[in-house]
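In what follows, chains are A, B, ... by sequence order, proteins preceding strands, each numbered from 1. Quick note: numbers below take in every heavy atom, side chains included, and nothing from hydrogens, waters or symmetry partners.
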There are 2 protein chains.
Amino acid sequence: MRGHMSRYPLQCATCAVREQAVCAALTEAERGELMRIGEHRTLERGDALIDAGEDNYACATLISGALKISAIDRDGTERIVALVHPAGFVGELFTPTAHHHVTALTDSLVCLFPRKPYEKLVDAYPHMAHALLRRSALDLAETRSIIDLIGRRGSRERVAGLLLVFARAAACDPGGVAMRFDMPLTRGEIAGLLGLTIETVSRRLTDFSRESIIKKEGARGVKILDAPKLEELVR
Amino acid sequence: MRGHMSRYPLQCATCAVREQAVCAALTEAERGELMRIGEHRTLERGDALIDAGEDNYACATLISGALKISAIDRDGTERIVALVHPAGFVGELFTPTAHHHVTALTDSLVCLFPRKPYEKLVDAYPHMAHALLRRSALDLAETRSIIDLIGRRGSRERVAGLLLVFARAAACDPGGVAMRFDMPLTRGEIAGLLGLTIETVSRRLTDFSRESIIKKEGARGVKILDAPKLEELVR
DNA sequence: CGTATTATTGATTCGTGTCAATCGACGTGG
DNA sequence: CCACGTCGATTGACACGAATCAATAATACG
């Protein structure tokens with residue numbers, strides 16, 4: 001764990017996700033309370049934010065970067081159960097111990113809160129519960145869309161689906177599709193997410209490349225050449 | 001759609017899930033409001049409660065029976081993304097249209113609320129948002145455990161995992177495992193949920209039977225003979 | 001009792017996992 | 001600057017498991 005996580009006091013006024021995150025719905029006073037208990041923290045790729053089994057973990061809002069939520073079965077295989085994008089919230093409230101690992105996929109900045117005080121605020125301020133509920137509904141929908149991905153039969157369809165997930169996440173405008181982006185996951189992580197092997201992921205990617213559906217730019221970079229074809233594979 | 005759905009006024013006082021459902025956290029006054037807008041409805045197996053694409057759908061608390069939440073891709077394949085057990089809540093709040101179908105797996109009884117008035121209550125009463133948030137956290141955890149199920153490599157492991165899900169759902173005490181139960185899903189539905197085919201599900205089930213891990217009692221009934229073995233397959 | 005639906009079983013094909021070798025990028029130290 | 005080691009990605013040969021196709025059996029239902 002080479003992580004050199006750095007901490008800073010909160011600066012809500014200049015926050016990039018100020019409008020979309022949970023705290024957007026809060027009053028000035030409530031946000032003030034949050035600022036008192038929270039702090040900014042930077043994470044490098046690979047840094048753990050929460051470990052499964054921890055009994056007194058934290059929760060956080062992601063400001064920039066990307067996180068993964070995963071479980072490790074005892075044979076060592078990692079199962080990714082969710083990806084977290086900026087403005088997303090992580091941390092299981094109201095449970096004694098964490099069930100999943102939360103890890104940075106890229107260098108990231110989070111707004112970190114100790115769980116207990118945070119829960120107290122949720123209890124005290126209706127706005128917080130309400131805002132978290134909306135966020136939670138989004139998370140649920142997103143998690144179900146991952147089931148949709150994994151449930152697909154062929155490896156082609158799964159990889160195509162994930163490419164679109166990345167493309168949508170990388171798009172500036174919500175609802176749009178980025179034509180060029182870097183995949184935040186290694187082949188191994190992609191394999192873990194899709195329930196495939198590294199080799200199969202690699203093969204499908206080169207297949208797509210040969211069919212001119214995408215263009216590979218280094219190991220991580222992808223340019224989408226034939227978006228309709230991808231959509232068709234997924235739909 | 002042969003469904004003969006029947007409606008009745010709410011009878012909270014004698015409700016079986018009164019203590020665990022969302023409404024458990026409410027005051028008498030708040031529950032009174034709910035009773036005003038809600039009604040009981042009985043569903044037969046196969047009845048649709050919500051259809052994807054509906055613009056003015058309802059939400060509901062399941063009192064008894066079982067529901068499935070699913071999507072249908074346009075090639076007609078059904079993808080089940082969640083199972084709902086008594087005290088569970090269905091309905092996507094704060095979204096204009098429903099993304100998923102909700103269907104009864106067995107004869108069921110639900111507490112049904114029109115969405116708009118329900119959302120109004122959530123806005124008005126902090127307790128509601130808070131209670132829904134807790135429920136939502138449970139749903140999220142359960143949905144992620146389904147990902148864990150589907151992501152498993154072999155068909156053996158997946159079927160074993162689902163058997164345990166059923167066994168736990170059928171247990172009277174939470175946390176326990178029922179030794180004998182009826183599977184609420186057809187082979188086709190199981191296949192859809194696990195990303196397998198009907199034939200494979202059938203084969204694994206007969207495998208387990210031959211290995212004396214389970215005993216099949218008719219098409220739906222299952223008696224668990226070797227629970228540790230099942231746990232081992234999943235762990 | 002007969003028909004429709006659902007489940008089982010078998011034979012075969014196809015796709016993905018597995019094992020293994022190679023390549024490429026990157027960082028380190030000689 | 002180049003040799004080397006490490007790590008991730010790619011590619012190939014092969015085996016195994018699940019899908020597919022097809023026939024039969026069991027169950028539900030009128």
Side-chain angles (χ1 to χ4, degrees), chain A residues 2 44-46 68 73 75-79 105-106 149-163 166 182-211 214-222 233, chain B residues 1-4 44-46 75-79 105-107 149-163 166 182-211 214-222 233:
Chain A
R2 78 240 135 74
E44 302 177 12
R45 166 168 179 83
K68 65 178 173 184
D73 13 349
D75 69 345
T77 316
E78 178 184 46
R79 308 234 80 263
L105 288 170
T106 64
L149 253 192
I150 303 176
R152 289 179 194 290
R153 286 294 156 77
S155 57
R156 249 178 103 78
E157 290 78 2
R158 295 191 209 178
V159 174
L162 191 58
L163 282 173
F166 289 152
D182 284 311
M183 294 187 281
L185 272 57
T186 65
R187 296 290 184 274
E189 288 166 334
I190 294 175
L193 174 57
L194 296 181
L196 300 170
T197 58
I198 294 178
E199 294 92 327
T200 300
V201 172
S202 189
R203 278 187 251 270
R204 290 307 87 83
L205 248 17
T206 55
D207 287 351
F208 288 156
S209 193
R210 258 199 282 276
E211 299 167 34
I214 64 171
K215 185 171 188 301
K216 295 204 289 180
E217 303 185 330
R220 293 291 182 79
V222 172
L233 279 171
Chain B
M1 191 131 301
R2 77 234 135 78
H4 282 298
E44 303 177 12
R45 165 165 181 87
D75 69 343
T77 316
E78 177 183 46
R79 309 236 78 263
L105 289 170
T106 64
D107 292 354
L149 203 59
I150 303 176
R152 289 180 192 291
R153 287 295 156 78
S155 57
R156 254 178 98 77
E157 291 77 2
R158 294 191 211 179
V159 174
L162 190 58
L163 282 173
F166 290 152
D182 284 312
M183 294 187 282
L185 272 57
T186 65
R187 296 290 183 275
E189 287 167 333
I190 294 174
L193 174 57
L194 297 180
L196 299 170
T197 59
I198 295 179
E199 295 93 325
T200 300
V201 172
S202 189
R203 278 188 247 272
R204 290 307 86 84
L205 248 18
T206 55
D207 287 351
F208 288 156
S209 192
R210 260 199 282 275
E211 298 168 34
I214 64 171
K215 184 172 189 305
K216 296 203 289 181
E217 303 184 329
R220 292 291 182 79
V222 172
L233 278 171

Closest to the [X] side chain: [options]?
X      : options                : result
A:I198 : C:dT18, D:dT10, D:dA22 : D:dT10
B:T197 : C:dT18, D:dA9, D:dT20  : D:dT20
B:T206 : D:dA9, C:dT8, C:dA7    : C:dT8
B:S202 : C:dA7, D:dT10, D:dT20  : C:dA7
B:T200 : C:dT16, D:dA9, D:dA18  : D:dA18

C:dA7 OP1/OP2 closer than 4.0 Å to side-chain N/O of B:K216:
no

*Answer yes or no: does a side-chain N or O of A:R204 lie under 4.0 Å from OP1 or OP2 of C:dT16?*
yes

- Message: Would you say that A:L162 contacts A:R204 through its side chain, given a criterion of any heavy-atom pair below 4.5 Å between the two side chains?
- Response: no

**Message:** For a 4.5 angstrom cut-off between non-hydrogen side-chain atoms, does B:V159 reach B:F208?
**Reply:** yes

Can you tell me how far [atom2] of [N] sits from [atom1] of [X], to the nearest Å?
X      : N      : atom1 : atom2 : result
B:R45  : C:dT5  : CZ    : P     : 14 Å
B:L205 : D:dT27 : CG    : P     : 14 Å
A:I190 : C:dT16 : CD1   : P     : 16 Å
B:L196 : C:dT8  : CG    : P     : 14 Å
A:L194 : C:dG17 : CG    : C1'   : 15 Å
A:R158 : C:dG15 : CZ    : C1'   : 11 Å
B:I150 : D:dA18 : CD1   : C1'   : 17 Å
B:E199 : C:dT13 : CD    : C1'   : 14 Å

Take B:L205 and B:I214 through the side-chain contact (heavy atoms from CB on, under 4.5 Å) test and state the conclusion after the steps. CA-CA 8 Å; B:L205 248 18; B:I214 64 171; 4.3 Å; yes

To the nearest 0.5 Å, atom OG of A:S155 lies from atom CG of A:D207 at 8.0 Å

### Message
Does B:R203 contact D:dG17 through a side-chain donor or acceptor facing the base, at a distance under 3.5 Å?
### Response
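Donor-acceptor pair under 3.5 Å: no.
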
Going by an N to O cut-off under 4.0 Å, is there a salt bridge joining A:E157 and B:R79?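 A salt bridge is absent here (no side-chain N lies under 4.0 Å from a carboxylate O).
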
Open item on the list: Once you apply a heavy-atom cut-off of 4.0 Å, does A:G154 come out as touching a base, just sugar-phosphate, or nothing?
Closed with: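 Sugar-phosphate, no base atom in range.
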
